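Counting begins at 1 with the first residue of the sequence. Every heavy atom of this structure was used, including side-chain atoms; hydrogens, water molecules and symmetry mates were not. Not measured: the values here are computed from a predicted model.
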Amino acid sequence: MFDYIWHAPVARQNAGQHCRSTWFEKRGIRTLERVAKEGQWTRDDARVLLIAIYKKEKRFPEALALSRELQEKYPRNYLFRLETATLWFRRK
């Protein structure tokens, strides 16, 4: 997450460092995806962050899949239901 949040905006300030910016973003997303699959204590936290990042990058099918997984795991959490409904309408 540090790579995605911190390095990307700093690198974007310099026009010549766009490649570096996207590299840090991709590295941050890969790290979160690995934690979402293999993590023990922070697996669900990584999934929530990935949903937000996927929405920002308009990767709605992937965000919808994660949202549904969390909705099934936490059926009483209404926020995951709302997120799933929002993503369902945005997917195309």
Side-chain angles (χ1 to χ4, degrees):
M1 195 65 201
F2 175 79
D3 289 326
Y4 189 85
I5 298 288
W6 179 256
H7 289 290
V10 172
R12 283 190 194 128
Q13 290 175 356
N14 302 327
Q17 293 186 348
H18 178 69
C19 292
R20 183 177 180 197
S21 168
T22 56
W23 183 82
F24 278 117
E25 287 179 6
K26 289 178 183 177
R27 186 172 93 172
I29 291 172
R30 280 195 311 263
T31 302
L32 283 172
E33 288 172 341
R34 189 179 73 231
V35 171
K37 289 180 185 175
E38 302 170 7
Q40 294 179 1
W41 296 292
T42 59
R43 178 179 295 171
D44 294 334
D45 296 331
R47 288 178 182 169
V48 170
L49 291 172
L50 279 172
I51 289 170
I53 290 171
Y54 288 160
K55 280 176 52 178
K56 178 184 173 280
E57 296 187 350
K58 298 185 183 350
R59 294 168 59 180
F60 300 119
E62 294 153 326
L64 181 61
L66 288 174
S67 179
R68 285 183 176 168
E69 287 177 17
L70 289 171
Q71 181 184 356
E72 290 174 7
K73 187 171 182 178
Y74 302 104
R76 296 184 63 187
N77 188 333
Y78 70 93
L79 294 175
F80 294 133
R81 290 182 188 180
L82 289 174
E83 193 67 43
T84 301
T86 302
L87 290 165
W88 191 81
F89 283 111
R90 284 188 172 183
R91 68 179 171 90
K92 287 187 180 185

Are Val35 and Ile51 connected in a single hydrophobic cluster, I mean Ile/Leu/Val/Met/Phe/Trp/Tyr linked by side-chain heavy atoms less than 4.5 Å apart?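 No, separate clusters.
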If you group Ile, Leu, Val, Met, Phe, Trp and Tyr by side-chain heavy-atom gaps below 4.5 Å, do Tyr54 and Phe89 land in one group?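 As far as the 4.5 Å side-chain criterion goes, Phe89 and Tyr54 are connected within one cluster.
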Salt bridge (charged side-chain N to carboxylate O under 4.0 Å, His left out) pairs, two or more places apart, involving residues 58-69: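 Residue pairs with at least one partner in residues 58-69: Glu33-Arg59, Arg47-Glu69, Glu57-Arg59, Arg59-Glu62.
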Give me each pair satisfying salt bridge (charged side-chain N to carboxylate O under 4.0 Å, His left out) with a member in residues 70-82, each pair once, sequence neighbours excluded.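 Qualifying pairs, neighbours excluded: Asp44-Lys73.
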So, using side-chain contact (heavy atoms from CB on, under 4.5 Å) as the criterion, who are the partners of Thr86 when residues are at least two apart?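 Only Arg90 meet the side-chain contact (heavy atoms from CB on, under 4.5 Å) criterion with Thr86.
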Show the nearest heavy-atom pair for residues [X] and [Y], with the distance to one decimal.
X: Leu32; Y: Ala46; value: O-CB, 3.7 Å
X: Leu50; Y: Ala36; value: CD1-CB, 3.9 Å
X: Ser67; Y: Leu87; value: CB-CD1, 3.9 Å

Linking Ile, Leu, Val, Met, Phe, Trp and Tyr through side-chain heavy atoms less than 4.5 Å apart, which residues share a cluster with Tyr78?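 ILVMFWY cluster around Tyr78 also holds Leu79, Leu82.
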Heavy-atom check, side chain of Val48 versus side chain of Phe80, under 4.5 Å: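 Yes - at least one pair of side-chain heavy atoms lies under 4.5 Å apart.
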Side-chain touch Glu83/Lys55, heavy atoms, less than 4.5 angstrom: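 The answer is yes, as the side chains (C-beta and beyond) meet within the 4.5 Å cut-off.
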Mind checking the CZ-NZ spacing from Arg43 to Lys37? Nearest 0.5 Å is all I need.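 Result: 11.5 Å between the selected atoms.
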